[in-house]
Trainee: 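Mind having a look at this structure? Questions to follow.
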Amino acid sequence: MYDDEDGEDGPKSSFTTYLAEGDKLYNAGEYQKALESYTTALEIEAKSETGLVARSKCYLQIGDAQAALQDAEASLSDNKEFHKGLYQKAEALYQMGDFEYALVFYHRGHKLRPELQEFRLGIQKAQEAIDNCVGSPSSVKLENKGDLSFFNKMDEGKGKAKQRGQYRPPQKPAAMKTNRALGKTRGGTSSRTAKALLGELYADKEYLEKLLKDDDLVKGSSGGMSIYDLVTSGINYLDTRTEFWRQQKPMYARKRDRLMMQQKWSNRKTDRISDPTTFILKNLEEIDSYLADGKGADSLSLAVATLRTVNRLSDSEIPNKPDVVANLHSCIGNAHLELGQTDEALDHHQKDLEISEKHNFQDARSRALDNLGRVYARVGKFQKAIDCWQEKLPLSKSAVERTWLFHEIGRCHLELGESEKARDFGLKSLQEAKEAEDDVWQLNAGVLTAQAEVKLGEYEKALESFQQSLETAKLQGDDGAEGAITKAIEDVKNKIEKQKESEQTSEAEPLKEEEETEREEQQEEEVNFG
């Protein structure tokens, strides 16, 4: 459609067709062909804003920023607030190195359409380019020092004509100027600078320049276009890019950034914490505080940063470094669990367990097993949770810890449908809670036991367990638990009534069978006597 369709009578198809064809070619990276399609479309509708913006984008892709600017300005001729035209004009100005004017139009578009991300990014990159060229206000310091005698001498010398017999330094030969010019690109940039700006593309530029010296090759043609034109087009494009990158981020700005980065990394390497113990304890407190306040992301960020710092410190600076590392892995795992990232939580709690077992840290091992059980229970892997908590049981040091473990193990058995085991662990939890004189866990253990007894069909025992739990809830003033248990008691009483009705029905059926049998025997006797 884009080759031989235009005859003497002009375009053979519609504006929309040529525009759509141009869009398709543009998206495929065929910018030259897309340019032809857009141009043909604009022959039909010369003032189309959409067509002008599309062709402007195409011009930018082939490196013709001046033509892109002309099309962008044409798209704004009738509507100065056409945001796509404003953006395209800003982009063209940016590519031409007019960063200040580009910034003006980025701001103008952002004011009209503040929700569009492209204008915000444009403002950012234009401001960065300006700072690279002239420096940011914060980095420029004006100083009033030195003497002005140099300027006074210049004033004294003004108006004095050179005398005829005055000595003049000899002019440098033209050959020297020519040799110096050889080391520069067409845009006036030295080869060394061009190499730094182009990077890997500089090798391609050298290759194209060598091709130009091959007379036999450049006389040929490829697809209707001479090889010489193709090569010079490529060199011109690279020269244009070199000049743009030189303006966007001059060499002194690159050098400055490189020195700043080196200084930053140097400071990181040499920075040492004066009191590692205080630093670690303070951070651990903040990590726990963030987690308690529900700020999982903040807790995770601080824990990861602290672990990174601890890993950089030597064993002499932190004598108990493995214990600290294991503790931080535990903190990171807890933060991940708070954020719902269970796979990451498991990974860090497993690292905590491995370090603890390797160095025989029993308290840390107990902590890791506890946390692993929590994560497994959260994801529904109840048997693995049971295994972790069973392994932790011998390491428990208090009745409160044991009542919690027995309760959680029983809860997992209940989830697995193992009601008898759930009841047994519920009773163990209740016994430990009574020993610890902990009313809350007595309530929890009593409810678990009652739920397991309901599953087993032991309704009378379940009713008794629920009633005891109800009394505990009333003593604690826990209205929520009191309401839930009251409802559970009603359900159990209904089950008991239904069970009794079923039993009575079962007992009545044999009596009816006996009465019917006696009636039949009596009728037979009457028949026989008759």
Side-chain angles (χ1 to χ4, degrees), residues 342 346 366 369-476 478 480-507:
T342 53
L346 280 173
S366 176
L369 290 168
D370 186 355
N371 289 327
L372 282 170
R374 291 174 189 266
V375 180
Y376 281 131
R378 173 77 68 88
V379 298
K381 296 181 179 180
F382 299 112
Q383 189 57 54
K384 287 189 174 183
I386 291 170
D387 294 340
C388 289
W389 285 327
Q390 288 276 24
E391 189 176 348
K392 174 185 164 66
L393 269 173
L395 302 174
S396 59
K397 296 181 178 180
S398 66
V400 174
E401 189 175 5
R402 285 190 294 274
T403 189
W404 179 86
L405 281 171
F406 285 136
H407 178 273
E408 295 304 302
I409 293 171
R411 177 64 59 188
C412 287
H413 280 301
L414 192 64
E415 293 290 341
L416 291 172
E418 299 170 349
S419 304
E420 190 171 348
K421 290 181 179 179
R423 179 197 58 195
D424 294 342
F425 277 100
L427 292 172
K428 289 180 180 179
S429 177
L430 182 59
Q431 183 180 350
E432 294 291 341
K434 288 179 179 178
E435 182 180 339
E437 297 181 352
D438 191 315
D439 293 336
V440 174
W441 279 110
Q442 286 184 43
L443 174 61
N444 294 333
V447 170
L448 172 63
T449 303
Q451 289 174 331
E453 288 168 341
V454 170
K455 293 285 186 182
L456 291 169
E458 300 173 352
Y459 301 125
E460 295 291 346
K461 291 182 178 179
L463 180 60
E464 183 180 352
S465 298
F466 272 132
Q467 287 173 341
Q468 290 176 357
S469 299
L470 180 61
E471 293 300 322
T472 305
K474 288 179 179 179
L475 289 174
Q476 294 179 16
D478 191 337
E482 188 177 342
I485 294 171
T486 301
K487 185 177 179 181
I489 289 174
E490 291 176 359
D491 292 339
V492 173
K493 286 181 177 179
N494 291 334
K495 291 180 184 295
I496 292 173
E497 289 178 3
K498 290 180 180 179
Q499 188 179 44
K500 288 180 177 180
E501 290 176 0
S502 177
E503 289 175 355
Q504 289 174 357
T505 303
S506 299
E507 291 174 357

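The analysis underlying the following values was restricted to heavy atoms, covering all of them including side chains, and did not include hydrogens, waters or symmetry mates.
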Trainee: Between Q476 (side chain) and D439 (backbone), is there a donor-acceptor pair under 3.5 Å?
Mentor: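 Side chain of Q476 to backbone of D439: a pair is present.
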Trainee: So, does T486 use its side chain to make a donor-acceptor pair with the main chain of E482 at under 3.5 Å?
Mentor: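 Flag set: sc T486 to bb E482 pair under 3.5 Å.
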Trainee: If I take atom CG from residue L463 and atom CG from residue L470, how far apart are they, to the nearest 0.5 angstrom?
Mentor: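 Those atoms lie 10.5 Å apart.
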Trainee: If you look at every heavy atom in V454 and A462, which pair is closest and at what distance?
Mentor: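 Closest heavy-atom pair between V454 and A462: CG2-CB, 3.5 Å.
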Trainee: Kindly compute the distance separating CG (L427) from OG1 (T449), expressed to the nearest 0.5 Å.
Mentor: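 Rounded to the nearest 0.5 Å, the CG-OG1 separation comes to 4.5 Å.
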Trainee: Which heavy atom of G373 sits nearest a heavy atom of A385, and at what distance?
Mentor: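 Taking every non-hydrogen atom into account, O-CB, 3.4 Å.
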Trainee: Indicate whether any N or O donor in one side chain lies under 3.5 Å from an N or O acceptor in the other, for Q451 and R411.
Mentor: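 Yes, side-chain donor-acceptor contact under 3.5 Å.
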Trainee: For residues I386 and C412, report the shortest heavy-atom separation together with the two atoms involved.
Mentor: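 In terms of heavy atoms, the two residues are closest at CG1-CB, 3.5 Å.
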Trainee: Less than 4.5 Å apart, any side-chain heavy atom of D370 and any of W389?
Mentor: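 Side chain of D370 against side chain of W389, heavy atoms only: contact under 4.5 Å found.
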Trainee: What pair of heavy atoms forms the shortest contact from T342 to R378, and how long is it?
Mentor: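 Shortest heavy-atom contact: CG2-CG, 4.3 Å.
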Trainee: Hey, could you give me the CG/OG distance between D424 and S419, rounded to the nearest 0.5 Å?
Mentor: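 The CG atom of D424 sits 11.0 Å away from the OG atom of S419.
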Trainee: Working to the nearest 0.5 Å, report the span between CG of L430 and CD of Q468.
Mentor: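 So the gap between those two atoms works out to 7.5 Å.
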Trainee: Do the non-hydrogen side-chain atoms of L369 and L395 ever get within less than 4.5 Å of each other?
Mentor: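 SC-SC contact between L369 and L395 confirmed.
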Trainee: Compare every heavy atom of I485 with every heavy atom of A473, then report the nearest pair and how far apart it is.
Mentor: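 A473 and I485 have their closest heavy atoms at CB-CD1, 4.3 Å.
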Trainee: Can you name the nearest heavy-atom pair linking A436 to V400, along with the distance?
Mentor: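 So the minimum-distance heavy-atom pair works out to CB-CG2, 3.7 Å.
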Trainee: Quick check for you: to the nearest 0.5 Å, what is the distance between L372 atom CG and K384 atom NZ?
Mentor: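 Interatomic distance, L372 CG to K384 NZ, rounded to 0.5 Å: 10.5 Å.
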Trainee: Passes side chain to side chain contact (heavy atoms under 4.5 Å, CB included), E453 versus E464? Steps please.
Mentor: CA-CA 10 Å; E453 288 168 341; E464 183 180 352; over 6 Å; no
Trainee: Give a yes-or-no answer on whether the side chains of Q383 and D387 include a donor-acceptor pair shorter than 3.5 Å.
Mentor: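 The answer is yes; a qualifying pair exists.
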Trainee: Is K495 salt-bridged to D491, going by a charged N under 4.0 Å from an acidic O?
Mentor: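 Result for this pair is no, no salt bridge flagged.
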Trainee: Can you check side chain to side chain contact (heavy atoms under 4.5 Å, CB included) on L448 and S429, steps first, answer last?
Mentor: CA-CA 9 Å; L448 172 63; S429 177; 5.6 Å; no
Trainee: Measuring from atom CG of L346 to atom NZ of K381, what distance do you get when rounded to the nearest 0.5 angstrom?
Mentor: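 That separation rounds to 7.0 Å.
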Trainee: Under a 4.0 Å threshold between the charged nitrogen and the carboxylate oxygen, would E408 count as salt-bridged to R374?
Mentor: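 No.
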Trainee: Between the side chains of R402 and E432, is the shortest nitrogen-to-carboxylate-oxygen separation below 4.0 Å, so that they form an ion pair?
Mentor: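 The answer is yes: the pair qualifies as a salt bridge.
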Trainee: Report the C-alpha distance between S366 and E401 in whole Å, list the side-chain angles of each, state the deciding distance to 0.1 Å, and finish with yes or no for side chain to side chain contact (heavy atoms under 4.5 Å, CB included).
Mentor: CA-CA 11 Å; S366 176; E401 189 175 5; 3.8 Å; yes
